J.: 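Shown below is the structure under consideration.
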Amino acid sequence: MDMSTSSPVITDTLSISPPLLGSLTSNLMPFSVMSGGCSSPGMNVSASRRTIEEVLVNGLLDAMKSSSPRKKHNLAFDQGNSPDEDPAYNAWMRKCPSALTSFKQIVGNAQGRKIAVFLDYDGTLSPIVDDPDKAFMSPMMRAVVRNVAKYFPTAIVSGRSRKKVFEFVKLKELYYAGSHGMDIVTSIAEHNTEKCKEANLFQPACEFLPMIDEVSKSLLEVTSGIQGASVENNKFCVSVHYRNVAEKDWEVVARLVNEVLEAFPRLKVTNGRMVLEVRPVIDWDKGKAVEFLLQSLGLNDCENVIPIYIGDDRTDEDAFKVLRERNCGYGILVSQVPKDTEAFYSLRDPSEVMGFLNSLVRWKRHSL
Ligand SMILES: O=P(O)(O)OC[C@H]1O[C@H](O[C@H]2O[C@H](CO)[C@@H](O)[C@H](O)[C@H]2O)[C@H](O)[C@@H](O)[C@@H]1O
């Protein structure tokens with residue numbers, strides 16, 4: 001991928017057809033449709049607009065509900081049973097086996113090749129908690145990640161702002177891609193680099209900074225009356241959290257986000273784990289960020305490099321997809337419930353992630 005000439009910024013607004021809008025449980029919801037002329041002949045323009053608004057709000061609401069997978073799958077272990085007792089989970093595990101039990105196979109393929117490690121943060125290195133400001137990583141996990149970075153080039157790829165995720169991880173020996181990969185530092189120990197266009201900094205959505213600030217303020221204002229809702233400015237994207245909002249109020253959240261986004265046709269909303277993520281409509285995601293890092297770090301040679309990407313969220317699927325399509329390396333999904341995924345392997349939770357990373361370090365030490 002030649003990053004020097006191509007710009008990921010899409011200037012044309014996307015159009016989206018009503019049948020597609022009906023299945024908005026997928027995670028891409030460009031709001032530019034609001035400015036497009038979708039009315040059919042004979043249909044009152046404002047009525048058609050209202051219909052589109054309803055479809056968008058309902059799509060958003062469906063997406064919010066589907067990011068609550070335990071409810072969706074109604075798994076046996078909801079009643080306190082172990083996931084191992086759940087037939088659906090077991091069937092899924094046959095398609096997406098544990099990276100721990102498949103460890104020998106993974107490192108067997110890595111013999112004589114270099115491993116590069118990419119790690120999502122929330123839900124991967126730290127457990128999911130109600131308060132996003134308290135998603136701390138354990139000192140033990142930090143020690144393990146530090147060890148991983150001693151032996152393998154290691155990057156954190158997070159939806160958080162780069163500054164915030166660095167404050168949590170606190171390891172200078174890593175590379176960081178914040179804001180879903182829209183804020184990448186390609187040099188170790190340059191974590192104070194902030195300004196656009198500085199050396200070793202890649203920020204493809206730089207021009208969106210003022211817009212993100214503006215939308216962040218509007219979202220904060222409109223959601224201030226909703227108990228439990230919170231807004232997190234992640235620099236090049238904004239998170240609207242509804243984890244602590246009563247389910248009966250989710251529709252209000254969807255409606256308000258939808259209304260605010262009407263004024264920002266160059267922004268779209270995707271959904272993560274109990275969070276709506278507002279971000280620029282640009283052709284850039286965690287997958288592109290991984291490709292960019294591999295190239296910038298001289299790790300683009302599929303014959304000799306095995307990238308391993310571990311993540312728990314829908315946005316991590318873009319990275320899993322890149323690895324699968326390149327037929328190079330492995331995506332590992334962190335999940336306790338069956339999910340459609342492009343990952344090859346799975347791990348249940350951050351403690352299994354820690355076990356896997358520890359095994360990688362031990363394997364490397366023994367093979368030196
Ligand atoms: O790419 P990630 O590093 O996984 O970031 C995605 C979002 O993670 C955070 O939210 C999630 O974790 C919170 C703390 O455990 C939890 O309260 C929230 O419900 C989760 O969605 C982060 O706060 C968001 O800004 C990121 O977009």
Side-chain angles (χ1 to χ4, degrees), residues 24-31 59-73 118-135 156-162 164-165 168 177-183 205 212 215-216 219 223 228-245 247 250 253-254 257-258 261 267-282 284-290 309-321 331-337 339-343 349-350 353:
L24 280 177
T25 43
S26 77
N27 73 355
L28 181 68
M29 282 164 272
F31 277 75
L60 206 48
L61 196 55
D62 281 351
M64 290 163 81
K65 288 180 179 161
S66 78
S67 82
S68 178
R70 278 166 192 264
K71 280 183 196 154
K72 187 179 163 197
H73 292 283
F118 296 90
L119 301 165
D120 168 52
Y121 182 73
D122 290 279
T124 298
L125 296 181
S126 67
I128 293 292
V129 292
D130 285 347
D131 181 351
D133 289 336
K134 299 212 168 94
I156 303 289
V157 185
S158 171
R160 301 262 192 176
S161 74
R162 183 166 49 81
K164 185 92 150 266
V165 79
F168 279 131
S179 309
H180 294 292
M182 289 180 281
D183 191 6
I212 292 292
V215 81
S216 178
L219 290 167
T223 57
S230 65
V231 173
E232 184 181 5
N233 185 330
N234 285 330
K235 190 162 180 168
F236 293 103
C237 45
V238 184
S239 289
V240 179
H241 291 276
Y242 59 92
R243 181 171 293 279
N244 304 316
V245 175
E247 196 165 338
W250 289 6
V253 176
V257 170
N258 184 46
L261 268 282
L267 300 179
K268 67 184 178 189
V269 62
T270 58
N271 77 297
R273 298 179 69 171
M274 303 277 187
V275 68
L276 295 175
E277 290 163 327
V278 173
R279 47 168 147 170
V281 180
I282 63 168
W284 198 262
D285 53 38
K286 287 183 173 185
K288 291 267 171 22
V290 167
Y309 186 107
I310 311 181
D312 73 315
D313 215 342
R314 288 194 180 182
T315 56
D316 299 309
E317 289 295 331
D318 295 317
F320 299 153
K321 194 160 178 248
I332 302 177
L333 175 68
V334 184
S335 180
Q336 298 197 2
V337 294
K339 283 183 185 167
D340 280 340
T341 182
E342 297 281 346
D349 51 30
V353 172

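None of the values given here were measured: they were computed from a predicted structure.
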J.: To the nearest 0.5 Å, what is the distance between CZ (Arg314) and NZ (Lys339)?
T.: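 So the gap between those two atoms works out to 8.0 Å.
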
J.: Once you measure the plane-to-plane angle for Tyr309 and Phe320, does it fall in the parallel (<30°), tilted (30-60°) or perpendicular (>60°) bin?
T.: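 Tyr309 and Phe320: perpendicular rings.
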
J.: With sequence neighbours excluded, tell me which residues meet salt bridge (charged side-chain N to carboxylate O under 4.0 Å, His left out) with Glu232.
T.: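 In terms of salt bridge (charged side-chain N to carboxylate O under 4.0 Å, His left out), with neighbours along the sequence ignored, Glu232 is linked to Arg160, Lys164.
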
J.: Atom OG in Ser179, atom CZ in Arg162: separation rounded to 0.5 Å?
T.: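 Interatomic distance, Ser179 OG to Arg162 CZ, rounded to 0.5 Å: 8.5 Å.
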
J.: After noting the C-alpha distance and the side-chain angles of Glu277 and Thr315, does the key distance pass the side-chain hydrogen bond (donor to acceptor under 3.5 Å, both in side chains) rule?
T.: CA-CA 10 Å; Glu277 290 163 327; Thr315 56; 5.2 Å; no

J.: Return the minimal non-hydrogen interatomic distance between Ile128 and Asp122, and the atom names on each side.
T.: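 Heavy atoms of Ile128 and Asp122 come nearest at CD1-C, 4.1 Å.
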
J.: Which value, rounded to the nearest 0.5 Å, describes the distance between Asp349 atom CG and Gln336 atom CD?
T.: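 It comes to 5.5 Å.
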
J.: Holding to ring-ring contact (aromatic ring centres under 6.0 Å, His included), I want the full list of residues that pass it with Phe118, two or more places apart in sequence or in another chain.
T.: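 For Phe118, no residue satisfies ring-ring contact (aromatic ring centres under 6.0 Å, His included) once neighbours in sequence are set aside.
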
J.: Can you tell me how far apart CD (Glu317) and CG (Asp340) are? Round to the nearest 0.5 Å.
T.: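 Spacing of CD (Glu317) from CG (Asp340) equals 8.5 Å.
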
J.: Drop me the distance from Ser66's OG to Leu61's CG, to the nearest 0.5 angstrom.
T.: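 One finds 10.0 Å between OG of Ser66 and CG of Leu61.
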
J.: Testing Ser158, Ser161, Ser239, Ser216 for side-chain hydrogen bond (donor to acceptor under 3.5 Å, both in side chains) with Asn234, which one passes?
T.: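 Among Ser158, Ser161, Ser239, Ser216, the one that satisfies the side-chain hydrogen bond (donor to acceptor under 3.5 Å, both in side chains) with Asn234 is Ser239.
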
J.: Side chains of Met182 and Arg279: does their closest heavy-atom pair fall under 4.5 Å?
T.: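 Yes; the side chains approach each other to less than 4.5 Å.
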
J.: Are side-chain heavy atoms of Leu267 and Val281 found at a separation under 4.5 Å?
T.: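 Answer no - side chains too far apart.
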
J.: Among Asp318, Asp316, Asp183, Asp313, whose salt bridge (charged side-chain N to carboxylate O under 4.0 Å, His left out) with Lys286 holds?
T.: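 The residue from Asp318, Asp316, Asp183, Asp313 that satisfies salt bridge (charged side-chain N to carboxylate O under 4.0 Å, His left out) with Lys286 turns out to be Asp316.
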
J.: Find the distance between CD1 (Ile310) and CG (Leu119) and round it off to the nearest 0.5 Å.
T.: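 Answer for the CD1-CG pair, Ile310 versus Leu119, is 5.5 Å.
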
